[in-house]
Amino acid sequence: MAAIWGNGGQAGQFPLEQWFYEMPPVTRWWTAATVATSVLVQCHVLTPFQLFYSFRAVYVKSQYWRLFTTFLYFGPLNLDLLFHVFFLQRYSRLLEESSGRSPAHFSWLLFYAMASLLVLSPFLSLPFLGTALSSSLVYIWSRRNPETRLSFLGMLVFTAPYLPWVLMAFSLVVHGIVPKDEICGVVVGHVWYFFNDVYPSLHGGHRPFDPPMWWVRLFESGPGERGTDAANVNGEFAAAAAPEVR
């Protein structure tokens, strides 16, 4: 159990509590907000109709909270929610840790992905965008770890780049519909991956998707901390993350 919930346990902490606090900050509170939102809906404090993204509701009726709650609701408390929360916290955590636990760099990735998905949502009729955002993170991680071998449900073994497509196939089989939210997430994730991991090597190290300095200063104590670049992280992270997911 210690291998599942934490790294050996600390005095005074329950395993679940330790697991929660070992997450980097952005992942920790996103996971907590996701679970809390589903609990509030289950207890009839909130309804899904108050949470989904609608261009008219946000920009005509000034219901700005929908810009965030659309990424927090994955459905009622059931096994499907547990599945989504597992993938959300796992790959969000791995990506955030790969940024050197830099809140600025990882939060900038989330800001880009959320903004892109909000723009695409009206064209694809996607009222809830949590699954799409999670799919973006899964795609980025999978492309950065091409040699990592994964096992799905203990039956199918494949390398990491196939993970988004395996999850889409699973959604198609379980729900019987084309998972356009996951496809949308993969597109958004690919744009980020290209401009952060492919484009710089072709254009003299220029990184157009790095966070601006004003954003870095919001999250970090000084500009010097920006040295935890994604440029130095990918190779180190691939080696560090692989044993965790095999």
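This is a predicted model, so every value here is computed, not measured. What you see below is based on every heavy atom in this structure, not just the backbone, and it leaves out hydrogens, waters and symmetry mates.
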So do the side chains of Asp197 and Phe209 get within less than 4.5 Å of each other, counting heavy atoms only? no
Neighbour count >12 (heavy atoms, 6.0 Å) for atom CZ, Phe194: yes
With clusters defined by side-chain heavy atoms of hydrophobic residues (ILVMFWY) lying less than 4.5 Å apart, directly or transitively, does Leu110 cluster with Trp214? yes
What residues, two or more places apart in sequence or in another chain, satisfy side-chain hydrogen bond (donor to acceptor under 3.5 Å, both in side chains) together with Gln63? Arg66
If a pair satisfies side-chain hydrogen bond (donor to acceptor under 3.5 Å, both in side chains) and one of its residues is in residues 108-137, list it, with sequence neighbours excluded. none
Using the side-chain hydrogen bond (donor to acceptor under 3.5 Å, both in side chains) criterion, which residues pair with Tyr73? Sequence neighbours excluded. none
With side chains defined as the heavy atoms from C-beta onward, is the minimum distance between Tyr199 and Pro208 less than 4.5 Å? yes
So if you build clusters from Ile, Leu, Val, Met, Phe, Trp, Tyr with side-chain heavy-atom gaps below 4.5 Å, do Phe86 and Trp141 land together? yes
Honestly curious: do Leu94 and Val188 fall in one hydrophobic cluster under the side-chain, below-4.5 Å linking rule? yes
Side-chain donor/acceptor of Gln89 to backbone N/O of Thr31, under 3.5 Å: no
Tell me if a side-chain donor or acceptor on Thr159 pairs with a main-chain N or O of Glu147 at a distance below 3.5 Å. no
With a 4.5 Å cut-off on side-chain heavy atoms, are Tyr53 and Leu117 touching? no
Here the gap from Phe158 atom CZ to Thr148 atom OG1, rounded to the nearest 0.5 Å, amounts to 11.0 Å
Provide the closest heavy-atom pair for Leu124 versus Cys184 in the form atom of the first, atom of the second, distance. CD1-SG, 3.8 Å
Report the distance from atom CD of Glu182 to atom CG of Leu133, rounding to the nearest 0.5 Å. 12.5 Å
His203: what forms a side-chain hydrogen bond (donor to acceptor under 3.5 Å, both in side chains) with it, not counting sequence neighbours? none
Kindly compute the distance separating NE2 (His105) from CD (Glu96), expressed to the nearest 0.5 Å. 12.5 Å
Return the minimal non-hydrogen interatomic distance between Asp181 and Ala132, and the atom names on each side. O-CB, 3.2 Å
Does the side-chain contact (heavy atoms from CB on, under 4.5 Å) test come out yes or no for Leu109 and Ile140, once each step is laid out? CA-CA 10 Å; Leu109 162 58; Ile140 294 167; 3.7 Å; yes
Considering all heavy atoms of both residues, which atom of Tyr64 and which atom of Val58 are nearest to each other, and what is their separation? CE2-O, 3.5 Å
When you compare the side chain of Thr37 with that of Thr69, does any pair of heavy atoms fall below 4.5 Å? no
Tightest non-hydrogen contact, residues Leu95 and Leu137, listed as CD1-O, 3.4 Å
If you define the side chain from C-beta out and look only at heavy atoms, does anything of Phe74 sit under 4.5 Å from Val85? no
All side-chain hydrogen bond (donor to acceptor under 3.5 Å, both in side chains) counterparts of Trp215, not counting sequence neighbours: Ser107
Restricting to non-hydrogen atoms, name the atom on Pro127 and the atom on Thr70 that form the minimum distance, rounded to 0.1 Å. O-OG1, 2.7 Å
Locate the shortest heavy-atom distance separating Thr27 from Ser92; write the atom from each residue and the value. OG1-OG, 2.7 Å
Can you confirm whether Thr34 sits close enough to His84 that some side-chain heavy atom of one is under 4.5 Å from a side-chain heavy atom of the other? no
Here the gap from Leu81 atom CG to Ser38 atom OG, rounded to the nearest 0.5 Å, amounts to 4.5 Å
Indicate yes or no for a side-chain donor-acceptor contact from Arg93 to the backbone of Met23 under 3.5 Å, with no hydrogens or angles considered. no
Assign the ring pair Tyr59 / Phe55 to parallel, tilted or perpendicular, where the plane angle (0 to 90°) is split at 30° and 60°. tilted
With no hydrogens and no angle check, just 3.5 Å: does a side-chain donor-acceptor pair link His190 and Tyr139? yes
Any chain of hydrophobic side-chain contacts (each under 4.5 Å) joining Val187 to Phe111? no
Indicate if Trp65 and Leu129 have the same hydrophobic cluster label, given that clusters are the connected sets of ILVMFWY residues with side-chain heavy-atom separations under 4.5 angstrom. no
Residue pairs passing the ring pair (Phe, Tyr, Trp, His ring centres under 6.0 Å) test with at least one member in residues 160-184, sequence neighbours excluded, are Phe83-Phe170, Phe152-Phe170
Main-chain N/O of Asn196 paired to Arg207 side chain as donor or acceptor, under 3.5 Å: yes
